[in-house]
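What you see is a predicted model, and the numbers here were worked out from it, not measured in a lab. Below, chains carry the letters A, B, ... as their sequence lines are ordered, and counting in each starts from 1. All values below were derived from every heavy atom in this structure, side-chain atoms included, with hydrogens, water molecules and symmetry-related copies excluded.
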Amino acid sequence: MQRHLITSAIPYINGIKHLGNLVGSQLPADLYARYQRARGNEVLFLCATDEHGTPAELAAAKAGKPVAEYCAEMHTIQAEIAKGFRLSFDHFGRSSSPQNHALTQHFAGRLADAGLIREVSEKQVYSNADGRFLPDRYIEGTCPNCGYEKARGDQCENCTKQLDPTDLIEPRSAVSGSTDLEVRETKHLYLRQSELKDDLDAWIDSKTDWPILTTSIAKKWLHDGDGLQDRGITRDLDWGIPVRRGDDDWPGMEGKVFYVWFDAPIEYIACASEWADAQGGADWERWWRTDKGADDVRYTQFMGKDNVPFHTLSFPATILGSGEPWKLVDHLKSFNYLNYDGGQFSTSQGRGVFMDQALELLPPDYWRWWLLANCPETSDSEFTWELFQQGVNKDLADVLGNFVSRVTKFCRSKFGEAVPAGGTYGAQEHALIAELDTRIARYADLMDAMEVRKSAQELRAIWVAGNEYLQAAAPWATIKEDADTAAMQIRLGLNLIALYGALSEPFIPDAAAQLQTSLNLGDPQWPENASEALAVLKPGHAFVVPDNLFAKISDEDRADWQERFAGVRS
RNA sequence: GGCGCGGUAGCUCAGCUGGUUAGAGCGCUCGACUCAUAAUCGAGAGGUCGGGAGUUCAAGUCUCCCCCACGCCA
């Protein structure tokens, strides 16, 4: 039995994620986790909300709530939506958890002991009215270059000129609008990533089986310009993990917190600890410490391409620098972007379809299937309502749903709601079994390789094989002359449904469960071989004709949704 | 402006280290079937693989130049 540790990039707490976010990490991670469980492997699948940083504070302020309360509420909402999509996390944690506090402080202490942290004194804008330091992008003013009045302290979005906050004319706080700003000196801790550059380089070089997208991004960051830069790991904020050196105070760092990019990935580890505590004290270190049983764990991370640098460099730098035997990622699967109707999905602009809205329109399987079958693996891909409608109707309703329908209803009308007895396999049946053996093996190989689109294609081909067989066997004609052979044909058809349930579960868990229930079966079993799998349902086994598995999306619905989601979410 | 990823049938996409008549699904046309969610199955028509030059016995697949789209960065 293999052991798989699987993590999805952790979504930021600020707001509900859109379908592009979903398909770029959580959904394919769930597919892989479900598949590995189905194969009988031990899986720990973790995700969490990323809760620290200025955007969270500001969102909370906007909502008129204390930030801790806001985060707790948003975490609950995101957890509910994740359930709605059937994301099968073993634990959905929080980067603000006590476990992550302790672990982040621990790592900072280890890094300091290893001489990998240095203090830097820098100037930063302080807002007296807000009583806080302001990150560059939360300072607004008039652009000295083009005169745009809402330029941000890091860049003018009108003329795209890069700015320094002190360049702005009449700078003001984007939080309160106050102009009572001053530049203050403040001390921060920097992680000396540059010291780890060679180690990281060698480590990346050893990953010959990683996608080019992944390694090329990592290499770019390692070698471009002056190479990997040291990076600040602290901020002058209230909300976050207090800066401590392990269990000790850190003189000079009072009132500061760790920068969100530093503590967020550590939550991958802390989340396992949260999971263990939720289980009443399971052993989580056997998943994360190679000196405590994690030697045989294969760790796979899923993320969008924008997150690759953090997972290939920043987080590994933290782990390598600690000098402790924590697990490093073995395989890293990154995704491109899903576009929405010719443009980008955008959280900040409210453009596209968001996870909560999607579930209001259709059950999760519809989205899961289409998004996975069309996920942006090799390049950006396109969501349009026409493509979505076509894909869902054809694949789910016509090919799979209708197959289930025609077999079960034919059986009910000719033999009743029990698996009919009689007849023996002929050439057609043996040919089908041979084809299925080949296809199932290929499907499994593709799923193991996380070839998401190709896996979906193969699964669909397996569904189609059922329709091809039925068309050729034509039990509706057979039954007129040879009732036994017709019984065999339809018995095979019913067993195909059971097989489809088992094979399809990672993609469409609800439909799979519905099939298991209709067929009076327990948990689906992954087929050892087609021949045995197609003998699971014995003659006499009672079943119930299920409701149609999938309803088609009508042209009216499609047009309606197209219009409804054409603008931006307010 | 630099960098990155792409530009393959009407649409969405496969095509590993160069090698027989370039593939799939959808859409379209025709045919078969009538058990089924007007579903299914079969057949067919569609591409000078963005443009140009080069390397080679042989290039969608390598090299160079250019054009276009998208993304990231300065």
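Remark: P of rC13(B) and CD of Gln390(A) are 13 Å apart, rounded to the nearest angstrom. Atom CD of Gln457(A) and atom P of rU12(B) are 16 Å apart (whole Å). Computed from coordinates, the Phe410(A) CZ to rU34(B) C1' distance equals 11 Å when rounded to whole Å. Taking atom CH2 of residue Trp476(A) and atom P of nucleotide rA32(B), one finds them 16 Å apart after rounding to whole Å. Taking atom CD of residue Glu417(A) and atom P of nucleotide rC35(B), one finds them 19 Å apart after rounding to whole Å. In this structure, CG of Asn374(A) is placed 7 Å from C1' of rU12(B), rounded to the nearest angstrom. Rounded to whole angstrom, the span from the CG atom of Leu396(A) across to the P atom of rG25(B) amounts to 17 Å. Gln389(A) places its CD atom 19 Å from the P atom of rC11(B), with the value rounded to the nearest Å.
Using a 4.0 Å cut-off between charged nitrogen and carboxylate oxygen, Asp510(A) and Arg86(A) count as a salt-bridge pair. Salt bridge status for Asp330(A) with Arg298(A): absent, with no side-chain N to carboxylate O gap under 4.0 Å.
In this structure, Asn548(A) reaches the bases: a heavy-atom distance under 4.0 Å links it to at least one base atom across the strands shown. If you check every strand for non-hydrogen atoms under 4.0 Å, Phe550(A) touches a base. At the heavy-atom level, Val464(A) lies under 4.0 Å from the strands shown only through sugar-phosphate atoms. Within 4.0 Å (heavy atoms only), Leu549(A) reaches at least one base atom of the nucleic acid. Nucleic acid contact for Thr384(A): none, since no nucleic acid atom lies under 4.0 Å from a heavy atom of the residue. At a threshold of 4.0 angstrom between heavy atoms, the contacts of Lys454(A) are confined to the sugar-phosphate backbone, with no base atom among them.
Aromatic ring pairs are classed by plane angle as parallel below 30°, tilted from 30° to 60° and perpendicular above 60°; the pair Phe415(A) and Phe410(A) is perpendicular.
The gap from the C1' atom of rU55(B) to that of rC62(B) amounts to 8 Å, rounded to the nearest Å. Only the P atoms considered, rU20(B) is 11 Å distant from rA59(B), to the nearest whole Å. Taking atom P on both rG23(B) and rA43(B), the two are 15 Å apart, rounded to the nearest angstrom. For the C1' atoms, the distance linking rC5(B) with rC72(B) amounts to 10 Å, nearest Å. Between the P atoms of rG54(B) and rU61(B), the separation comes to 15 Å (whole Å). rG60(B) and rU48(B) have their P atoms separated by 13 Å, given to the nearest Å. Nucleotides rG51(B) and rC67(B) have their P atoms positioned 15 Å apart, rounded to a whole Å. To the nearest whole angstrom, the two P atoms, one in rA74(B) and one in rC3(B), are 15 Å apart.
Heavy-atom nearest nucleotides on RNA chain B were determined for Lys394(A) and for Arg460(A), and the one closer to the 5' end corresponds to Arg460(A). Nearest-nucleotide assignment on RNA chain B puts the 5′-proximal partner with Asp547(A), out of Asp547(A) and Val399(A).
The partner of rG42(B) is rC30(B), judged by Watson-Crick or G-U wobble contacts that both fall below 3.5 Å. Base pairing of rU63(B) is made with rA53(B), judged by Watson-Crick or G-U wobble geometry with both donor-acceptor distances under 3.5 Å. The pairing partner recorded for rC35(B) is none, the criterion being a Watson-Crick or G-U wobble arrangement whose two distances lie under 3.5 angstrom. When both distances must be under 3.5 Å, the Watson-Crick or G-U wobble mate of rU48(B) does not exist. Across all strands shown, rC73(B) forms a Watson-Crick or G-U wobble pair, both distances under 3.5 Å, with rG1(B).
The base of rU12(B) lies outside donor-acceptor range of the side chain of Glu382(A), with no N or O pair under 3.5 Å. One can find a donor-acceptor pair under 3.5 Å joining the base of rA36(B) and the side-chain atoms of Asn402(A).
Checked against rA36(B), rU37(B), rC41(B), the side chain of Glu468(A) finds its nearest nucleotide in rC41(B). Listed nucleotides: rC35(B), rC11(B), rA39(B). Nearest to the side chain of Leu387(A): rC11(B). When distances run from any side-chain atom of Arg453(A) to the nucleotides rU12(B), rU37(B), rC35(B), the shortest one goes to rU12(B).
A donor atom on one side chain and an acceptor atom on the other are found under 3.5 Å apart for Asp555(A) and Gln389(A). Between the side chains of Arg439(A) and Tyr443(A), no donor-acceptor pair is found at a separation under 3.5 Å. Defined by atom type and a distance below 3.5 Å, a donor-acceptor pair is missing between the side-chain atoms of Gln489(A) and Tyr469(A).
Of all heavy-atom pairs spanning Gln514(A) and Pro546(A), the tightest one is NE2-CB, 4.0 Å.
Taking the syn range as angles within 90° of 0, the glycosidic angle of rG46(B) is syn.
Glu377(A) contributes a side-chain N or O that, together with a main-chain N or O of Arg453(A), makes up a donor-acceptor pair within less than 3.5 Å.
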